[in-house]
Q: 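First the structure, which I've put down as structure tokens, then a few questions once you've had a look.
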Amino acid sequence: MGKNKALLLPKVERKLQIVGGQIKLARLRRGWTAQEIAEKAAVGRSTVTQIEKGSPSVSMGMYLAVLNALGLSDDILLLAKDDVMGRTFQDLNLKTPRRVKKNGSK
């Protein structure tokens with residue numbers, strides 16, 4: 001039984017590859033080998049290689065471990081920071097479905 005592979009649109013897959021490339025550049029700027037960053041992040045060297053290729057099969061936790069080893073863990077907080085679409089929905093005051101209480105009470 002093989003691992004499940006995330007199915008991504010080509011546009012999204014390309015963005016993940018860009019992130020991997022940026023992580024690789026950060027490592028190279030520090031003058032570290034893939035083995036050194038793997039040891040600092042407590043992951044395997046092959047995991048670092050897959051992250052640097054932007055592999056969707058590597059968990060977010062592993063990406064974060066490598067970012068943390070590079071001193072870039074706060075960068076993860078930038079994801080979805082400016083939720084333009086969500087703010088637009090909020091501004092339009094769209095009604096959200098009400099939750100139904102258990103036991104038929106209202």
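Positions are given from 1 along the sequence.
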Q: Would a hydrophobic clustering, with Ile, Leu, Val, Met, Phe, Trp and Tyr connected at side-chain separations under 4.5 Å, put Leu64 with Leu79?
A: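 The answer is yes; both residues are in one hydrophobic cluster.
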Q: Which residues satisfy the side chain to side chain contact (heavy atoms under 4.5 Å, CB included) test with Ser59, sequence neighbours excluded?
A: Met62
Q: Of the non-hydrogen atoms in Pro56 and Leu8, which two are nearest, and what is the gap between them?
A: CB-CD1, 3.6 Å
Q: Identify, with sequence neighbours excluded, every residue that meets side chain to side chain contact (heavy atoms under 4.5 Å, CB included) alongside Ala65.
A: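 Result, side chain to side chain contact (heavy atoms under 4.5 Å, CB included) vs Ala65: Ala41, Val43.
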Q: Check for me, please, whether Leu77 and Met60 land in the same ILVMFWY cluster - side-chain distances under 4.5 Å, paths through other members count.
A: yes
Q: For the hydrophobic clusters of this structure (ILVMFWY residues joined by side-chain heavy atoms under 4.5 Å, transitively), does one cluster hold both Leu9 and Leu16?
A: yes
Q: Determine, using the 4.5 Å side-chain heavy-atom cutoff (strictly less than), whether Leu28 and Trp32 are members of one ILVMFWY cluster.
A: no
Q: Once rounded to the nearest 0.5 Å, what's the spacing between atom CD1 of Ile76 and atom OH of Tyr63?
A: 10.5 Å
Q: Applying side-chain hydrogen bond (donor to acceptor under 3.5 Å, both in side chains), which residue pairs with at least one partner in residues 74-85 are found, sequence neighbours left out?
A: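 Matches after skipping sequence neighbours: none remain.
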Q: Please output the side-chain donor-acceptor pairs of residues 45-54 that fall under 3.5 Å, not counting sequence neighbours, one pair per line with the distance.
A:
{"residue": "Arg45", "atom": "NH1", "partner": "Thr49", "partner atom": "OG1", "Å": "3.4"}
{"residue": "Thr49", "atom": "OG1", "partner": "Arg45", "partner atom": "O", "Å": "3.2"}
{"residue": "Glu52", "atom": "OE1", "partner": "Arg27", "partner atom": "NH2", "Å": "3.1"}
{"residue": "Glu52", "atom": "OE2", "partner": "Arg27", "partner atom": "NE", "Å": "2.5"}
{"residue": "Glu52", "atom": "OE2", "partner": "Arg27", "partner atom": "NH2", "Å": "3.4"}

Q: Please identify each residue that fulfils side chain to side chain contact (heavy atoms under 4.5 Å, CB included) with Leu25, with sequence neighbours left out.
A: Arg29
Q: Do Ile18 and Ile23 share a hydrophobic cluster (ILVMFWY, side-chain heavy atoms under 4.5 Å, transitive)?
A: no
Q: With sequence neighbours excluded, what pairs up with Gln22 under the side chain to side chain donor-acceptor pair (under 3.5 Å) test?
A: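 Applying side chain to side chain donor-acceptor pair (under 3.5 Å) to Gln22 gives none.
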Q: Restricting to non-hydrogen atoms, name the atom on Ile37 and the atom on Ala69 that form the minimum distance, rounded to 0.1 Å.
A: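 Of all heavy-atom pairs spanning Ile37 and Ala69, the closest is CD1-CB, 3.6 Å.
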